[in-house]
Amino acid sequence: MRGITVLLRLTEADGALSLSALERATGLARSTVDRITATLTRMDYVRLDGRDAVLAPRLMELGNAYLSALRLPRLLDPYADALADELDESVSLAVGDGDGIRFIHQATRRRAMSLSFRIGDLLPAERTAPGPLFAMEWGAAEWSRWRARRAADPQDRGFPAVPPREDAPAEEDFEARTREARARGWALDDQLIEPGLVAISVPVRAAEAGRVACVANVVSHTSRHTAASLRDTLLPRLRETVDAMEQRLRDAPEPEVRPAPSGLAAWTGASKQELGREFVESLARGLTVLTAFDEGRAELTLTEVAQATGLARATARRALITLDHLGYVTTHGRRFRPTPRVLALGFPPLSRTTLPRIAEPHLAELAASVHDSTSLAVLVGDDIQYTAHVTTSRIMSVNVTVGTRLPARATSLGRAILADHPPKGPSDLTAVLAEVRRTGYALVDGELEEGLRSIAVPVRDRAGRAVAAVNVAMHTTRRTPAECVTDVLPALRATAAHIETDLHTATRFTRIPPT
């Protein structure tokens, strides 16, 4: 429970806090904070940057487990994306979470006036368009909890994703909006979250029992649409998309059961043996339980959770009881299912990360290991653009500015990427790029600048495409070309593999910009 509190405070702080600030934010003793952050660091869920604890991309595997078990993003995201492209407006998918809503997908438009909501952000139901559509299915207990929350937090201070409000509308307003939504089959948000923001929502009903599985939501600004014009001009197209989504849910085959993770319990045990009291094994095992869920494993019995994680039944049971108490899993008979609250564990800030931010800590470790400058670059037209760079502490070192563009054909970074995207037609690089594809690396010796030697390898996305490259660059007096291959290439490849692991985790349900 204390470890989850640490993750929540880091999430609310947009992903980073100093250890002393984390101590104040959680109310925990500093020794407890140190043990928890050491454990989370060992799990690659947090990294320590000086005196700061920073959420790491691997933490997204918890939210990924929920989203995969839910299946809705995989089945419905393409429809939301296509609608966003057609309307040139932001489109999102949301699910209910208690008396709030959480986004599970965002297809946003890049504009000066853009939306800041992130996947996993929690919003109060009464201040959104999707809210009344979920409230249609509330019973007396849910309405009672909602009223209690409103009374305890009239300014919505418990919802960091929305600005606090000064004047709370009467309870009857939301109740009336819910009745209207039930009668009309859609709902509007006319600047309820903040001035200028308008949205319209339609429920997407599950194939079984007609319950609301999620809500499709189109969001705009009053400079482009009023609430009335959203209803008059965009609602018909939104309804057509929802019809297609519901048909997809009806037609979707049963999910393929994927193999469960293995060796998790053994790993936590070994970590405890190595780190001693600095490793909180109960925290590691409790979070490990969440990774047991996936597509085809949306609901699991206690026995299945124990088998998937390698944990003893008693250990898995204690973890599940705690997670149920905290609202991260729910029980259906003897089966357990993850809830949308899992997304609160780091997913919102991490869903807006970028490839350079993912790569930087790994580049820093590489530079410290080989004692030479390291860089990340992407392909832009016929050039490469440097997007991250770490300079070693040498009197003479390779130093480039992030944003610098150089001809791709003359650089090791460019050739490492171009080997996956060879130029059409005859080229003097054909043989060179064929060799790069064969060996898996590119080495450029003095071609871009006399005295400069560099070696690079590609960074690949989940589909295996080279989307970037990392390199180590040095003066020619530092190493011979052969020494670059024997002494630097293994560490360089390991760094690219670490970046790819984080990138693949982060992009399972989100889009990560290359710059």
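When reading the values below, keep in mind they use all heavy atoms of this one structure, side chains included, and skip hydrogens, waters and symmetry mates. Bear in mind that the values here come from a model prediction, so they are computed numbers and not experimental data.
Between the side chains of E61 and T291, no donor-acceptor pair of N or O atoms lies under 3.5 Å.
Using a 4.5 Å cut-off on side-chain heavy atoms (C-beta onward), T322 and I4 make no contact. A 4.5 Å side-chain heavy-atom check between M43 and R58 finds every atom pair outside the cut-off. With contacts defined as side-chain heavy-atom distances shorter than 4.5 Å, the pair I358/I512 qualifies. Looking at heavy atoms from C-beta onward, V470 lies out of side-chain contact with L366 at the 4.5 angstrom threshold. When side chains are defined from C-beta on, L311 counts as touching V289, because their heavy atoms get closer than 4.5 Å. At least one side-chain heavy atom of L345 sits under 4.5 Å from a side-chain heavy atom of L290. Looking only at side-chain heavy atoms (C-beta outward), E274 and R42 come within less than 4.5 Å of each other. Here the side chains of L76 and L249 are in contact, with some heavy-atom distance below 4.5 Å.
Summarising the geometry of A388 relative to L363, their closest heavy-atom pair is CB-CD1, 3.8 Å, with the distance given to 0.1 Å. Closest approach of P458 to A496, counting heavy atoms only: O-CB, 3.9 Å.
The environment of H325 atom NE2 is sparse: at most 12 non-hydrogen atoms of other residues, nucleotides or ligands sit within 6.0 angstrom. In this structure, R317 places its CZ atom where only 12 or fewer heavy-atom neighbours from other residues, nucleotides or ligands lie under 6.0 Å away. By the neighbour-count criterion of 12 heavy atoms within 6.0 Å, atom CZ of R74 is densely surrounded, having more than that number from other residues, nucleotides or ligands.
Partners of D190 by salt bridge (Lys or Arg N to Asp or Glu O under 4.0 Å), not counting sequence neighbours: none found. Under the side-chain contact (heavy atoms from CB on, under 4.5 Å) criterion, L188 pairs with W186, I200, A227, sequence neighbours left out.
Here the CG atom belonging to L123 is positioned 8.0 Å from the CZ atom belonging to F159, to the nearest 0.5 angstrom. Taken to the nearest 0.5 Å, the CG atom of D156 stands 5.0 Å off from the CZ atom of R127. To the nearest 0.5 Å, the span separating CG on L22 from CG on L10 amounts to 5.0 Å.
A donor-acceptor distance shorter than 3.5 angstrom exists from the side chain of R341 to the backbone of L326, with no hydrogens or angles considered.
Relative orientation of the F174 and W146 rings is tilted, given thresholds of 30° and 60° on the angle between their planes.
Under the side chain to side chain contact (heavy atoms under 4.5 Å, CB included) test applied with F336, the options L300, L320, T330, T301 reduce to a single match, L320. Under the side-chain hydrogen bond (donor to acceptor under 3.5 Å, both in side chains) rule, H362 has a single partner from T501, T374, D502, which is D502.
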D52 and S18: CA distance, side-chain angles, deciding distance, side-chain hydrogen bond (donor to acceptor under 3.5 Å, both in side chains) verdict
CA-CA 4 Å; D52 292 341; S18 69; 4.7 Å; no
Mind running side-chain hydrogen bond (donor to acceptor under 3.5 Å, both in side chains) on T303 and R313 for me, showing each step along the way?
CA-CA 7 Å; T303 299; R313 276 177 55 89; 2.6 Å; yes
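Within the structure, side chain to side chain donor-acceptor pair (under 3.5 Å) pairs that include any residue of residues 93-105 comprise D77-H105, D81-H105, D97-R102, D99-R149 (at least two apart or interchain).
The existence of a salt bridge linking R165 and E126 is confirmed by a sub-4.0 Å separation between a basic side-chain nitrogen and an acidic carboxylate oxygen.
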